[in-house]
Amino acid sequence: MKSALLIFLLFTYFILPAQTNHTIQVNDALTAHQYEFSALANWKNKIVLIPQNHNHVIDSVFLIKSSAIQHSIKKNRLAQHTSFAIKNIRHEGVKKDSLYIGDVLLTHYEGIEACVIKNNTIYFSLETDTSFCYIIKGNINKKDKTIFLLSDTIHIPNTYNINNAGYESLAYLPGKDSLIAFFECNKDTATARAFIVGVDLKGKPSPIQWERPLYFRLTDVFAINNSELIGINRLFTMSSNTRERDDYLKGTNMELVNKQFSNGGNIDTCFNQIIKISIRQNKLNWQPLAFVSLGRQDNYEGIVPFRKGVLLVVDGEPGNNPCKLVYISAKY
């Protein structure tokens, strides 16, 4: 009986392909690659788009009404956006890699990588270098259309020593009134872990490990309840740039890696899928939900539920590709 169950689980997790779903691009004006969108969030019937804010300093987030996105999906209408300026922030240094939040200095700043909102408090995951990543928070002022960053910060321990890798995913667990932060590389069960921390950003972050490896990058997540999340699983590679692929897959069992591909693809191509992450008995597990794309330009880095599917946003880098917001129908 146990052998039969094991075979079924292996089939479900490694062989059964994810469903392929139709993608509809939202018609909006936020397409310049300089935005480098790294996350999506929900706030008061609006979708919030988060620029990475490093290579091209924006110091704003952008909001589009959910109703405008729905109209764009149905009738290809232009979805208008508004911007909220980020305050109490200062960039210094030739490479803009010294970041001040008030008088608090964060060195080797690499940009905003994740975001989640609770009521009128917004949380960001900041990538600095391979040793330091932070969660910070700010207050949203709807009247002034601003986000005032607070000096409250918490350091999240490094997981893998991979250049330009950090905590790209952040979600809110309402039952715990806590945040969960995911490192983007989770290639084994001995080292890979996420961290849970209270919304006050005080106390030591609590680690939670994976029950089985998740190969390729985890670029964003959204909690649909206290024990289930949806996320983006992304592999980027090209003949002239294999560093990310090689760093993420170093030391892994390539036979198992190849079994993770659904609906085509291999380690020499780019690959995007939507996955479902579950939290059970203080362990993380995952399963494929929907194959999205093999396109090199489709560097999806943000996800939120929307109607009967999800919205995804494309980071314009690498390659100076257009940013785009898309809707995909997907059951989760």
Does R212 count as lying over the ring of W286, i.e. NZ or CZ under 6.0 Å from the six-ring centre, within 45 degrees of the axis?
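Satisfied, under 6.0 Å and within 45°.
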Audit row: N299, R217, side chain to side chain contact (heavy atoms under 4.5 Å, CB included) steps and yes/no:
CA-CA 11 Å; N299 186 16; R217 292 170 62 211; 3.6 Å; yes
Gap between atom [atom2] of [Y] and atom [atom1] of [X] - 0.5 Å precision:
X: L249; Y: K187; atom1: CG; atom2: NZ; answer: 7.5 Å
X: I136; Y: I101; atom1: CD1; atom2: CD1; answer: 3.5 Å
X: E228; Y: N226; atom1: CD; atom2: CG; answer: 10.0 Å
X: Y109; Y: E127; atom1: OH; atom2: CD; answer: 10.0 Å
X: I328; Y: F291; atom1: CD1; atom2: CZ; answer: 10.0 Å
X: I140; Y: W43; atom1: CD1; atom2: CH2; answer: 5.0 Å

Chi angles and distances behind the side chain to side chain contact (heavy atoms under 4.5 Å, CB included) call for I24, V326:
CA-CA 5 Å; I24 302 173; V326 304; over 6 Å; no
Taking the inter-plane angle between the rings of Y134 and H155 on a 0 to 90° scale, is it parallel (under 30°), tilted (30 to 60°) or perpendicular (over 60°)?
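Tilted, since the angle between the ring planes falls between 30° and 60°.
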Go through the side-chain N and O atoms of [X] and [Y] and say whether any donor and acceptor fall under 3.5 Å apart.
X: N258; Y: Y215; value: no
X: Q209; Y: N282; value: no
X: Y160; Y: D247; value: no
X: Y172; Y: S178; value: no
X: N139; Y: N120; value: no
X: H91; Y: D59; value: yes
X: Y327; Y: Q70; value: no

Between V314 and D298, what is the shortest heavy-atom contact and its length?
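Minimum heavy-atom contact is CG2-CA, 4.2 Å.
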What's the shortest heavy-atom distance between C270 and G295, and which atoms?
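Looks like CB-O, 3.8 Å.
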Linked, directly or transitively: [X] and [Y] (ILVMFWY side chains, under 4.5 Å):
X: F148; Y: L201; answer: no
X: L126; Y: L105; answer: no
X: L214; Y: F236; answer: no
X: L99; Y: L150; answer: no
X: I147; Y: V57; answer: no

Can you tell whether the side chains of D28 and K324 come within less than 4.0 Å, N to carboxylate O?
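K324 and D28: not salt-bridged.
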Quick one: list whatever passes side-chain hydrogen bond (donor to acceptor under 3.5 Å, both in side chains) with R245, sequence neighbours left out.
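Partners of R245 under the side-chain hydrogen bond (donor to acceptor under 3.5 Å, both in side chains) test: D268.
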Would a line drawn from the ring center of Y35 to the ring center of H56 be shorter than 6.0 Å?
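Between Y35 and H56, the centre distance exceeds or equals 6.0 Å.
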Side-chain donor or acceptor of [X] paired with backbone N/O of [Y] under 3.5 Å:
X: D315; Y: E317; value: yes
X: N53; Y: I58; value: yes
X: S169; Y: D220; value: yes

Within a reach of under 6.0 Å around [atom1] of [X], are more than 12 heavy atoms found that belong to other residues, nucleotides or ligands?
X: K87; atom1: NZ; answer: no
X: D103; atom1: CG; answer: no
X: D246; atom1: CG; answer: yes

For K65 and T82: C-alpha separation, side-chain torsions, deciding distance, then whether side chain to side chain contact (heavy atoms under 4.5 Å, CB included) applies.
CA-CA 9 Å; K65 292 181 178 179; T82 58; over 6 Å; no
Give me the one residue out of K95, R90, K96 that meets salt bridge (charged side-chain N to carboxylate O under 4.0 Å, His left out) with E92.
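Of the listed options, the one satisfying the test is R90.
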Any chance you could lay out the ring-ring contact (aromatic ring centres under 6.0 Å, His included) test for Y167 and F182, step after step, and finish with the verdict?
CA-CA 5 Å; Y167 287 82; F182 291 86; 8.9 Å; no
Test side chain to side chain contact (heavy atoms under 4.5 Å, CB included) on L325 and L312 and set out the steps.
CA-CA 6 Å; L325 181 66; L312 304 180; over 6 Å; no
